[in-house]
Asks: 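So that we are looking at the same thing, I have put the structure below in structure tokens.
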Amino acid sequence: MNLRDDWRFRGLVQQATDDAVLDRLSAGGVTAYIGFDPTASSLHLGSLLQINLLRRLQLAGNRPIALAGGGTGLIGDPSFKDVERPLLSLEQLRANVEGIRAQLGRFLDFSPGAGSTQALLLNNADWLTTVPLTEFLRDVGKHVTVNQMMAKESVKTRLDRDDVGLSFTEFAYSLLQAYDFVRLNLDHGCTLQLGGSDQWGNITIGTDLVRKMTGHVVDGITSPLLLRADGQKFGKSEGGNERVWLDATLTSPFALHQFLLNAEDATTPALLRFFTFLDHATILELDGATRTAPQKRQAQRAIANAVVELVHGGDAARQAERAGEALFAESIHDLDEATLLDVVADAPSSTWSKSELDVGVEAATLLVRCGLASSRAEARRFLEQGGVYVNNVRVDATTRVDGSAALHGRYLLVRRGRRQLHLVVVA
RNA sequence: GGGCCGGUGCCCGAGCGGCCAAUGGGAUCUGGCUGUAAACCAGACGGCUUUGCCUACGGGGGUUCAAAUCCCUCCCGGCCCA
């Protein structure tokens, strides 16, 4: 199975400047890059598609370059954004780039042993923050017309609006990204840029600029954006606006596993193809399982296990799966102490003195102190709506919680809604 | 620098002196149904020591018994002109 056929099967290519570039990737020896925005200290689940592209092409014998946008991050990509983005501080960016650097090692082989396919991690701050403005405008800006930049779909949305503008700073962003490609081409022989389909405009400005400045013909490929059935972007946590992160301290392996397990049926074919390295036969089989026995959620299980294993390792994947089963399929009262602690390992916890629980705690107070409600008013609301459970038993506003129901004499598992957990340990 | 328009709760957006914690939509949350889905249905959605009180409609000041609503001023955004 060569890369071309695999990528076709998985539907990883949305647009390409030249169809033959897939053949070149299949043959190996190409140097290709993807830029990552250092807007946070961790990559998020949505980036996994891009990270996997680099991993896939490295496995096929090419050299991947992960480019951290330490320089472009100072500006902020306006593509398809409807408002100006807040600027990040230099220190913040530096910290974020470090965080991302640490994560990528899990997915790409950066060791010298990889030879000509050894992955590189570069930071465009290294050249963007040092190039003199006048030089940049003469050598780079001369090659790009404002007309063509304004014609890009990605900035049109902003130009057409009458309530917000587009600052010159953000407008100039794509020029910086294009210049990255020039540097990578000259310094590292990079001939291909990949990205999400929202990057098509930026990428083609880059390929044009490289040709004009160096005479080298280079290419661009975009991958489809992963969307939910309702058209929303994929990767925000269960309902909330919280992103699903790849950093275990921001999104626990259990939470990541649960998130993927809950993926709606319609997105599983895409998730299988974009996020996993399962072989084609297995993927087709799981597609079929979703159609014939959706309630078993075999595809979701396979995705959750594969992704957690890829991101956090096999042990984490197995533990997350076991925890989910214990929490949702078995009675919590039947769990032995070790398993119980395992199950709630990811959940926040607090230690309470035996004496204060002996008196009994008002349910609303309990919720606020556990951080499951942000105010007493909200806590009362949850209680009235029947969304609060202690040890999987629903409680109401009149309940005074005491230690008598504690599991193994010392654990109270407080739950709000479907899956917001907090463990109270009685000491 | 000049002219015009605008800044309302997480977002969009009504309100334009009292009946306003502020219509509506979206997002979110909780419950129901279900497959720990989606869709759908119902409810909630500033806070508190909750028959009431406090804080809020860009900031500050003022008029008034009473202001998100009127006046002054400052800040911010958009459009047009220079």
Side-chain angles (χ1 to χ4, degrees), chain A residues 78 81-87 157-171 226-244 252 254-272 286-287 289-305 308 320-332 343-344 346-347 362-365 367-368 371-389 392-398 413-421:
Chain A
K81 302 286 190 318
D82 47 11
V83 291
E84 189 96 3
R85 301 202 322 186
L87 295 175
T157 46
R158 278 280 280 284
L159 292 173
D160 289 347
R161 287 184 55 152
D162 53 2
D163 57 336
V164 290
L166 175 64
S167 70
F168 175 75
T169 301
E170 284 204 354
F171 182 67
L226 183 56
L227 296 177
R228 300 193 321 217
D230 59 8
Q232 294 275 312
K233 262 193 183 172
F234 185 85
K236 301 289 176 81
S237 73
E238 67 264 10
N241 280 318
E242 293 279 299
R243 275 239 160 106
V244 177
S252 69
F254 176 68
L256 176 64
H257 193 270
Q258 285 289 308
F259 177 79
L260 292 164
L261 195 62
N262 284 318
E264 58 186 303
D265 298 350
T267 56
T268 59
L271 293 175
L272 284 168
L286 289 167
D287 284 349
T290 298
R291 277 192 302 274
T292 57
Q295 72 283 2
K296 286 188 178 170
R297 285 177 304 167
Q298 286 181 42
Q300 281 93 331
R301 277 175 221 288
I303 293 161
N305 288 334
V308 176
E321 187 174 26
R322 193 154 45 101
E325 280 167 5
L327 210 54
F328 292 103
E330 299 167 23
S331 169
I332 194 163
V343 164
V344 297
D346 287 342
E362 196 194 346
T365 307
L367 280 181
V368 174
L372 292 175
S374 57
S375 67
R376 290 183 58 78
E378 189 179 63
R380 270 184 237 108
R381 213 176 296 138
F382 289 135
L383 288 161
E384 276 165 29
Q385 292 172 148
V388 182
Y389 308 80
N392 277 355
V393 178
R394 182 179 280 177
V395 299
D396 61 33
T398 64
L413 188 62
V414 186
R415 191 176 100 220
R416 188 208 89 205
R418 201 61 249 174
R419 49 181 96 87
Q420 285 293 312
L421 294 173

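Every chain is numbered from 1, with letters handed out A, B, ... down the list of sequences.
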Asks: Where each residue is assigned the nucleotide of RNA chain B containing its nearest heavy atom, which of A/Gly417 and A/Pro294 is assigned the position nearer the 5′ end?
Replies: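 Of the two residues, A/Gly417 wins.
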Asks: Quickly work out the A/Glu362 CD to B/C48 P distance and round it to whole Å.
Replies: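 The answer, rounded to whole Å, is 12 Å.
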Asks: Between the side chains of A/Arg297 and A/Thr290, does any donor sit under 3.5 Å from an acceptor?
Replies: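 Distance-only check fails for A/Arg297 and A/Thr290.
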Asks: To the side chain of A/Ala377, which of B/A37, B/U30, B/C48 is closest?
Replies: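 In terms of side-chain proximity for A/Ala377, the closest of B/A37, B/U30, B/C48 is B/C48.
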Asks: Which is it for A/Gln258 and A/Arg418 under the side-chain contact (heavy atoms from CB on, under 4.5 Å) test, yes or no, and what are the steps along the way?
Replies: CA-CA 11 Å; A/Gln258 285 289 308; A/Arg418 201 61 249 174; over 6 Å; no
Asks: Does B/C57 have a Watson-Crick or wobble mate here (both distances under 3.5 Å), and if so which one?
Replies: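 Partner of B/C57: none.
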Asks: Between B/U49 and B/U34, how many Å separate the two P atoms, rounded to a whole number?
Replies: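 Each nucleotide's P atom is 38 Å from the other's.
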Asks: On a whole-Å scale, what distance lies between the C1' atoms belonging to B/A14 and B/U64?
Replies: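 Approximately 25 Å lies between the C1' atom of B/A14 and that of B/U64.
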Asks: For the C1' atoms, the ones on B/G62 and on B/C53, what distance do you get once it is rounded to whole angstrom?
Replies: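 It comes out at 27 Å once rounded to the nearest Å.
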Asks: May I have the distance from A/Leu261 (atom CG) to B/U34 (atom P), rounded to whole angstrom?
Replies: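 From A/Leu261 CG to B/U34 P: 19 Å.
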Asks: In whole Å, I'd like the distance from the CZ atom of A/Arg418 to the C1' atom of B/G31.
Replies: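 Atom-to-atom, A/Arg418 to B/G31, this comes out as 11 Å.
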Asks: Given atom CD of A/Gln300 and atom C1' of B/G35, what is their separation to the nearest angstrom?
Replies: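 Distance check: A/Gln300 CD to B/G35 C1' gives 9 Å.
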Asks: With a 3.5 Å distance limit and no angle check, can you tell me whether A/Arg394 reaches the backbone of A/Gly386 through a side-chain donor-acceptor pair?
Replies: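 Flag set: sc A/Arg394 to bb A/Gly386 pair under 3.5 Å.
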Asks: What's the gap between B/G43 and B/C48 when it is taken at their C1' atoms, as a whole Å value?
Replies: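 The same atom, C1', in both gives a distance of 23 Å.
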Asks: Quickly work out the A/Phe382 CZ to B/C29 P distance and round it to whole Å.
Replies: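 Nearest whole value for this atom pair: 9 Å.
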Asks: Measure CD1/A/Ile303 against P/B/G35 and give the value in whole Å, please.
Replies: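 About 20 Å, once rounded to whole Å.
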Asks: Tell me which nucleotide, if any, is Watson-Crick or G-U wobble paired with B/C10 when both distances must be under 3.5 Å.
Replies: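 Paired with B/G26.
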Asks: Over how many whole Å does the gap from A/Arg381 atom CZ to B/C48 atom C1' extend?
Replies: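 Computing the A/Arg381:CZ to B/C48:C1' distance gives 13 Å.
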Asks: Regarding A/Gln258, tell me which of base, sugar-phosphate or nothing describes its non-hydrogen contacts under 4.0 Å with the strands shown.
Replies: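 Since a base atom lies under 4.0 Å of A/Gln258, the category is base.
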Asks: According to the Watson-Crick and G-U wobble definitions, with both distances under 3.5 Å, which nucleotide is paired to B/A68?
Replies: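 The answer is none; no pair meets the criterion.
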Asks: If the C1' atom of B/U73 is compared with that of B/U63, how far apart are they to the nearest Å?
Replies: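 Here B/U73 and B/U63 have their C1' atoms 15 Å from each other.
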Asks: OP1 or OP2 of B/C48 versus the side-chain N and O atoms of A/Ser375: is any pair under 4.0 Å?
Replies: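 The answer is yes; a side-chain N or O of A/Ser375 sits under 4.0 Å from OP1 or OP2.
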Asks: Looking at the side chain of A/Gln295, which of B/A37, B/G35, B/C48 is the nearest nucleotide?
Replies: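 Nearest to the side-chain atoms of A/Gln295, counting from C-beta on, is B/G35.
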Asks: If only atom types and distance count, is the side chain of A/Gln298 paired as donor or acceptor with the main-chain N or O of A/Ala289 below 3.5 Å?
Replies: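 Absent.
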Asks: Between B/C45 and B/U28, how far is it from one C1' atom to the other, in whole Å?
Replies: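 Between the two C1' atoms, the distance is 8 Å.
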Asks: Looking at A/Tyr389, does any N or O in its side chain come under 4.0 Å of the phosphate oxygens OP1/OP2 on B/G31?
Replies: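 The answer is yes; a side-chain N or O of A/Tyr389 sits under 4.0 Å from OP1 or OP2.
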Asks: Nearest whole angstrom, please: distance from the P of B/C45 to the CD of A/Gln385.
Replies: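 Distance, rounded to whole Å: 8 Å.
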Asks: Can you check side-chain contact (heavy atoms from CB on, under 4.5 Å) on A/His257 and A/Asn305, steps first, answer last?
Replies: CA-CA 7 Å; A/His257 193 270; A/Asn305 288 334; 2.8 Å; yes
Asks: Base, sugar-phosphate, or nothing: which does A/Arg394 touch, judged by heavy atoms less than 4.0 Å apart?
Replies: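 Sugar-phosphate, no base atom in range.
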Asks: Using the C1' atom as the reference point in each nucleotide, state the distance between B/C65 and B/C81 in Å, no decimals.
Replies: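 So the two C1' atoms sit 46 Å from each other.
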Asks: Between A/Asp265 and A/Ser374, just flag the one whose closest nucleotide in RNA chain B comes earlier from the 5' side.
Replies: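 Nearer the 5' end of the strand: A/Asp265.
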Asks: Identify which nucleotide among B/U30, B/G47, B/A38 has an atom closest to any side-chain atom of A/Arg416, counting heavy atoms from C-beta outward.
Replies: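 Of all the options, the side chain of A/Arg416 is nearest to B/U30.
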Asks: I'd like to know whether A/Val244 forms a side-chain contact (heavy atoms from CB on, under 4.5 Å) with A/Leu260, so could you lay out the CA-CA distance, the side-chain angles of the two residues, the decisive distance to 0.1 Å, and finally the verdict.
Replies: CA-CA 10 Å; A/Val244 177; A/Leu260 292 164; over 6 Å; no
Asks: Under the side-chain contact (heavy atoms from CB on, under 4.5 Å) rule, what do A/Val308 and A/Phe259 come out as? Steps first, then yes or no, please.
Replies: CA-CA 11 Å; A/Val308 176; A/Phe259 177 79; over 6 Å; no
Asks: For B/G52 and B/G7, measure between their P atoms and round to the nearest Å.
Replies: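 It comes out at 33 Å once rounded to the nearest Å.
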Asks: OP1 or OP2 of B/G47 sitting under 4.0 Å from any side-chain N/O of A/Arg376?
Replies: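 Indeed not, no polar side-chain atom of A/Arg376 lies that close.
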Asks: Which base sits across from B/A39 as a Watson-Crick or G-U pair, both distances under 3.5 Å?
Replies: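 B/A39 is unpaired by these criteria.
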